Amino acid sequence: MAAIFKTGRQADPCTMVIFGASGDLTKRLLVPALYNLKHAKLLPEGFRLIGVARSEHPNDAFREDFTKAIKDFATGPVVTEQWDDLVSRVSYLSGAFDDPATYQKLLDDLTEAGGGPDAIGNCLFYLATAPEFFATIVERLAAAGLTREAGETWRRVIIEKPFGHDLDSARALNTELQAVLAERQIYRIDHYLGKETVQNIMVFRFANGIFEPLWNRDHIDHVQITVAETVGVEARGGFYEQTGALRDMIPNHIFQLLSFVGMEAPTSFAADALRSEKVKVLDSIRPLDAASVLTDAVRGQYGAGVLNEKPVWAYRAEPKIAPDSMTETYAALKLNIDNWRWAGVPFYLRTGKRLPRRMSEIAIQFKRAPIAVFRDTPVEDVGSNLLVIRIQPDEGVSLQFGAKIPGTALDIGNVKMNFQYKDYFQSAPSTGYETLIYDAMIGDATLFQRADNVEAGWKVVQPVIDAWASRRPRDFPNYEAGTQGPRQADELLARDGRVWRKI
Ligand code: BG6
């Protein structure tokens, strides 16, 4: 059962080995998350952390780097004794990821007390490297005997995003990993699953009696999922040029949201029960083909504009971006889920950079009530009920409904009931990685992607990737930074008589 639904016990004794330990992810997210786990007394007794990266670093310098990282990126006040204790458990190992000698050194380090690979206890290997190293690292770990589980001992590998670049590469990576690891040893991260508000979708749906009976095509008109960002490509131009908004956000993060909203109730919150339901929703999506990509998929790229009253560069003027780049920074899709629950209920998805506001939400638009009863009144239209699950920022849930506007005439206005997390819960600040790291330490894969989950996501978007690769966009840049996105995205909904919610 997922750790989120249990009270925390200390994680199993283990050593964590981070590959890519001097990178950004480690400093910004993993170090603060480990500190938060330490603070919450969830890290195991005798915990050790070994950082592996290519550059040469003495242990002390590496620990200093971590101490700087915690100063810069801690999510709350840091208790000195706790930090000192954590950092004293950190050591560094320098080596190339493809060099078998690195793994021999790692083995020596882990077996300081003597004995072979079977004597070193539980190990959690975290691959925070560039994706081209994932398969090599796992293969080398296996060759050194470090992934072999004996008796009660476990060896687990956390794989960061991006998992593949398209369906074929994701399948190939799965094959390479599964050649040396059992599926239960593989923890594929999607950091959206670490977000409380994403986990809450399951609780909202399945712990309340009043929503689920309405959660289907009889009552829901359509669903809009938006992940809007104000940031541009920042310092990640090299990566983003090869990736684009579709690959970066849709088969992974946005499909997590879609799966939780669309899935059937799992038989339990056991990892496989939940993951099997998630994969079924993605498998039920009507496959797109070249013709439907033309009508149901929209891509965009931002030009220069104004955001938060400041001028911002066009995408093509950002560092490491080609001046004639054809990479999309915005993607919108209309998807149909052809199953009994959702047939006829379109799911509209959109994501983009340099949009006016950071806003991730799921909007469930219910069908309108019949107007007939208001026939002889001034009411011309009844609004429709709208349930909005706000993922970030301003986390919460709101329900919009019609109310009589006070006065002698009968008129209706839309009003909102609004739940905000901050009004009810004082959650400890977190990076979102705490639950994920902790779950991997206790062997709970509920919030990780199984091989088929990842492949199902790529399968849905592959026709879009192919169609977009074969036709160059003619109008890039087609939206100004700081605006709602390309006009074609509005047209996509307008053709169905609908409009996007304003970002
Ligand atoms: C990452 C993408 O996976 O998710 C980024 O590579 C994106 O481009 C980020 O900005 C969004 O995450 P969050 O948690 O800020 O919504």
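Start at 1 and go down the list; that is how both ligands and their atoms are numbered. Everything quoted here is computed from the prediction, not taken from an experiment. Positions are given from 1 along the sequence.
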Got a sec, which pairs hit side-chain hydrogen bond (donor to acceptor under 3.5 Å, both in side chains) with one end in residues 171-180, sequence neighbours left out? Asn174-Arg188, Asn174-Glu455, Gln178-Glu183
What residues sit with at least one heavy atom under 4.0 Å from ligand 1? Lys161, His191, Tyr192, Lys195, Glu229, Arg236, Asp248, Met249, His253, Lys353, Arg358, Gln392
Any chance the side chains of Thr329 and Gln301 put a donor and an acceptor closer than 3.5 Å? no
How about Tyr424 and Phe419: are their ring centroids closer than 6.0 Å? yes
Pairs flagged by side-chain hydrogen bond (donor to acceptor under 3.5 Å, both in side chains) wherever residues 231-240 is involved - sequence neighbours left out: none
Given side chains that start at C-beta, do those of Arg450 and Arg184 come closer than 4.5 Å, heavy atoms only? no
Asp190: side chain to side chain donor-acceptor pair (under 3.5 Å) partners, not counting sequence neighbours: His253, Gln256
